[in-house]
Amino acid sequence: LLKNHILAHFSEALQKGQIQVYLQPCMRLLTGKLCHVEALMRWADPRYGLLSPGIIIPVLEESGLIHELDAFMIERAVKILHYQQENGLPLVPISVNLSSLDFFEMDPFAIAEAATERYGIPHEYLRFELTETAVVRDKGILSQAIQKFHRAGYQVWLDDFGSGYSSLNVLKDYQVDLIKLDMGFLRNFTAKSRSIIASVITMAKDLGVKTLVEGVETREQAEFARSIGCELLQGYYFGKPMALPELKHVRRKKQWEVETPQLRQYYGSLGAIDFLTDKSMAIVEFSRKHYHYLFANEEFRETLRSVGRNSLEEAESIITGRSGPIGRNLWNFMEDILHTRTGKTLTYTENGQYMKLDARHLASNGENHL
Ligand code: C2E
Ligand code: MG
Ligand code: MG
C-alpha cells in the first residue's frame with residue numbers, strides 16, 4: 001500500500017514541497033566545532049506523516065525514480081548554502097547522498113556544476129556520499145565520475161564503509177577523500193569492534209584518506225573515536241538530522257561554533273597523524289601566550305606522572321608560566337621550533353630522570369601553532 005502511495009504521489013510531493021531536506025551536524029573531534037552537515041531526505045506526507053528514507057529510497061531505486069530525488073537534493077543543498085551566504089551566516093559544507101543508479105539516469109556532476117554556478121557557491125562546500133553498493137556496480141562510469149568531481153574541487157566520500165562485501169576493493173579501486181564508518185554496524189561496542197574500528201582508521205591514515213565515524217550515540221563511543229585519531233563525528237550524541245530552522249536554533253542554543261576554512265586546513269593537518277603509536281605522544285597547541293594539550297595518549301600521561309606531574313593542566317601551567325628551569329627550558333624549546341618550523345629534540349633531566357622530547361611543527365594559523 002505504502003509503495004503504491006509513494007509511486008503515485010512522488011512527483012506531486014516534490015512539487016508541493018513535501019520532500020524536505022534534513023541536516024545532520026558533524027563535528028571535529030579535537031575541537032568540538034561544527035564542520036559539516038549531511039543532507040538526508042524526509043517526506044512529510046499528509047496521509048502517512050513523516051516518511052523516512054529507509055522506506056522510500058528502495059522504492060524509488062526499484063522504480064527508476066531515485067535520480068529525480070537526488071537531483072532535487074543537490075539543488076536544495078546548494079540553495080541552503082546560498083541562503084547562508086545571503087544572510088551573512090558562516091557557510092557549513094553539505095554532503096548529498098547519491099545512488100549508483102543516478103550515474104546511469106542523469107549526470108550528477110552537471111547538476112552540481114549548474115547549481116553551484118547559478119548560486120555562486122565554491123565547490124569545496126558541496127560533497128558527495130557514495131555507498132559501496134553504489135560503487136561496485138560499474139567501475140568505469142564511477143571512476144570517471146569521481147575524477148570529474150575531484151578535478152572540479154568537490155570531495156567524494158565513501159558512505160557506510162565496512163557494511164558491504166568489498167570494502168577493501170572499493171578503497172583500492174576508487175579515489176575517495178573520506179570514509180564514513182558506521183558504529184551501528186558493530187552492534188555492540190566490544191573490545192573486538194573497537195579493534196576493528198581502530199585498524200580501519202590506521203589503514204585510512206596510511207592511504208591518506210580522512211575518517212568520520214557515524215552512528216555515534218554515547219560519550220564512550222565519542223571518546224574512543226577521539227582516542228584513536230578519527231577526525232570527524234556524526235551521530236545522535238552530537239545531533240540528530242533536523243530541518244534548517246531547527247538546526248539554526250540548536251546551533252545557537254548549544255553555542256556551536258562553525259569551523260572556518262582556515263581552521264579546516266589547520267586542524268586537517270592532524271588527519272595524517274598516527275594516534276595509535278605505542279610511543280608517548282601528545283598534540284600541543286602553542287601560541288606565544290599559551291601551551292595547551294589538545295591530545296595526549298596514556299603513555300604520555302604516564303611519562304608526566306613519572307616526573308610528578310599529575311595532570312595535563314599542571315604540566316601546561318608550568319610551561320605556560322615558564323616556572324623554574326624546566327618550564328623555561330621547554331618554553332624556549334617550543335619557541336625555537338616555531339622559529340625554525342622543523343623538528344627538534346630536547347634532552348634534559350627532571351626529578352633525576354633522563355628525558356628526551358621530540359617535537360615537530362605541523363601547522364600554523366595566525367598566532368596559533370600545532
Ligand atoms: P546514511 O547516508 O548512512 O545516513 C545516516 C543515517 O543514520 C541516517 O538515517 C541518520 O538519521 C541515521 N543516524 C544518524 N546518527 C545516528 C545515530 O546516532 N544512531 C542511529 N541509530 N542512527 C543514526 P536516514 O536519514 O534514515 O537515512 C538512511 C539512509 O538513506 C542514508 O544512510 C542514505 O544512505 C539514504 N538516504 C537518505 N537521504 C537520501 C537521499 O536524498 N538520496 C539517496 N540516494 N539516499 C538517501
Ligand atoms: Mg550518507
Ligand atoms: Mg552512512
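We use all heavy atoms of the structure for the numbers below, so side chains are in, but hydrogens, waters and symmetry mates are not. Counting starts at 1 for both ligands and their atoms, following the listed order. All residue numbers in this chain count up from 1 along the given sequence.
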Checklist entry - Are Leu126 and Ile121 close enough that some pair of their side-chain heavy atoms sits under 4.5 Å apart? => result no

Checklist entry - Does atom 7 (O) of ligand 1 have any protein heavy atom closer than 4.0 Å? => result no

Item to check | Atoms in ligand 1 flagged as close to Asp160, the criterion being non-hydrogen separation under 4.0 Å | outcome: 3 (O)

Item to check | Whether Phe224 and Phe189 hold their rings parallel, tilted or perpendicular, with breakpoints at 30° and 60° | outcome: perpendicular

Checklist outcome for this item: If you scan protein heavy atoms around atom 38 (N) of ligand 1, the nearest is Met41 N, 3.2 Å

Checklist entry - Is ligand 1 under 4.0 Å from a heavy atom in the side chain of Asp102, in the backbone, in both, or in neither? => result neither

Checklist entry - Within the structure, does Asp182 bring an N/O atom to less than 3.5 angstrom of an N/O atom in ligand 1? => result no

Checklist entry - Which is closest to atom 12 (C) of ligand 1 in terms of heavy atoms, Trp157, Tyr22, Phe72, Tyr236? => result Tyr236

Next on the checklist: If the threshold is 4.0 Å, N to carboxylate O, is there a salt bridge linking Arg118 and Glu75?
Outcome noted: yes

Checklist entry - Is ligand 1 less than 4.0 angstrom away from at least one heavy atom of Glu38? => result yes

Checklist outcome for this item: With heavy atoms and a 4.0 Å threshold, my read on which part of Lys240 contacts ligand 1 is neither

Next on the checklist: At less than 2.8 Å, would any N/O/S atom of Glu129, backbone or side chain, sit next to the Mg ion (ligand 3)?
Outcome noted: no

Checklist entry - Among Val216, Leu98, Ile57, whose heavy atom sits nearest atom 45 (N) of ligand 1? => result Ile57

Next on the checklist: Distance alone, cut at 3.5 Å: any donor-acceptor contact between the side chains of Gln155 and Lys210?
Outcome noted: no

Checklist outcome for this item: Check: of Ser95, Pro53, Gly184, min heavy-atom distance to atom 26 (O) of ligand 1 comes from Pro53

Item to check | Angle subtended at the Mg ion (ligand 2) by OD2 of Asp159 and OD1 of Asn97, nearest 10° | outcome: 90°

Next on the checklist: Out of the candidates Leu14, Ile56, Leu51, only one should pair with Ile19 under the side-chain contact (heavy atoms from CB on, under 4.5 Å) rule; please name it.
Outcome noted: Leu14

Checklist entry - Taking it one step at a time, do His9 and Arg47 satisfy side chain to side chain donor-acceptor pair (under 3.5 Å)? => result CA-CA 11 Å; His9 296 278; Arg47 185 144 140 222; 5.3 Å; no

Checklist entry - Which protein heavy atom lies closest to atom 19 (N) of ligand 1, and at what distance to 0.1 Å? => result Glu217 OE2, 2.5 Å

Checklist entry - Just heavy atoms, cut-off under 4.0 Å: does Val96 contact ligand 1 by side chain, backbone, both, or neither? => result neither

Checklist entry - Judged by non-hydrogen atoms, does Arg42 sit under 4.0 Å from ligand 1? => result yes

Next on the checklist: What I'd like to find out is whether the side chain of Glu335 reaches to under 4.5 Å of the side chain of Phe286, using heavy atoms alone.
Outcome noted: yes

Checklist entry - Taking non-hydrogen atoms only, is Thr131 closer than 4.0 angstrom to ligand 1 via side chain, backbone, both or neither? => result neither

Checklist entry - Under 3.5 Å, is there a donor-acceptor pair between the Thr31 and Glu259 side chains? => result no

Checklist entry - Of all the atoms in ligand 1, which lie at a distance below 4.0 Å from a heavy atom belonging to Met73? => result 41 (O)

Checklist entry - Can you find a protein heavy atom under 4.0 Å from atom 1 (P) of ligand 1? => result yes

Checklist entry - Between Glu246 and Lys240, is the closest basic N to carboxylate O distance under 4.0 Å? => result no

Checklist entry - To the nearest 0.1 Å, how far is atom 31 (C) of ligand 1 from its closest protein heavy atom, and which atom is that? => result Leu40 CD2, 4.1 Å

Checklist entry - Where is the nearest protein heavy atom to atom 11 (O) of ligand 1: which residue, which atom, and how far? => result Pro241 CG, 3.3 Å

Next on the checklist: Counting only heavy atoms closer than 4.0 Å, does ligand 1 sit against the backbone of Asn97, its side chain, both, or neither?
Outcome noted: both

Checklist entry - Are Tyr154 and Glu113 linked by a side-chain donor-acceptor pair shorter than 3.5 Å? => result yes

Checklist entry - Heavy-atom contacts under 4.0 Å between Gln24 and ligand 1: side chain, backbone, both, or neither? => result side chain

Next on the checklist: Geometry only, no angles: is Gly235 polar-contacting ligand 1 at N/O separations under 3.5 Å?
Outcome noted: no

Checklist entry - Given Tyr267 and Glu285, is the side chain to side chain donor-acceptor pair (under 3.5 Å) satisfied, shown in steps? => result CA-CA 10 Å; Tyr267 290 113; Glu285 187 161 55; 3.2 Å; yes

Item to check | Enclosure of Glu302 CD (heavy-atom neighbours >12, cutoff 6.0 Å) | outcome: yes

Checklist entry - Tell me, which protein residue and heavy-atom name are nearest atom 43 (C) of ligand 1, and how many Å apart are they? => result Asp70 OD1, 3.3 Å

Checklist entry - Parallel, tilted or perpendicular for Phe295 and Phe275, by the 30°/60° rule? => result tilted

Checklist entry - Are more than 12 heavy atoms from other residues, nucleotides or ligands located less than 6.0 Å from atom CD of Glu257? => result no

Item to check | Ser287-Glu367 side chain donor-acceptor pair, cut-off 3.5 Å | outcome: no

Checklist entry - Under 4.0 Å from atom 16 (C) of ligand 1, is there any protein heavy atom? => result yes

Next on the checklist: Taking 2.8 Å as the cut-off, does Asp182 contribute an N, O or S atom near the Mg ion (ligand 3), distance below it?
Outcome noted: no

Item to check | Between Asn97 and Glu38, a side-chain donor and acceptor under 3.5 Å | outcome: yes

Checklist outcome for this item: among protein heavy atoms, the one nearest atom 5 (C) of ligand 1 is Glu214 OE1, 3.6 Å

Checklist entry - Could you go step by step and tell me if Glu298 and Arg305 meet the salt bridge (charged side-chain N to carboxylate O under 4.0 Å, His left out) rule? => result CA-CA 10 Å; Glu298 193 39 49; Arg305 280 195 291 271; 2.7 Å; yes

Checklist outcome for this item: Between Glu214 atom OE2 and Asp160 atom OD1, the angle centred on the Mg ion (ligand 3) rounds (to 10°) to 110°

Item to check | Taking atom 32 (O) of ligand 1 as the reference point, the nearest protein heavy atom with its distance | outcome: Asp159 OD2, 4.5 Å

Next on the checklist: Below 2.8 Å, can you find an N, O or S atom of Glu38 next to the Mg ion (ligand 2)?
Outcome noted: yes

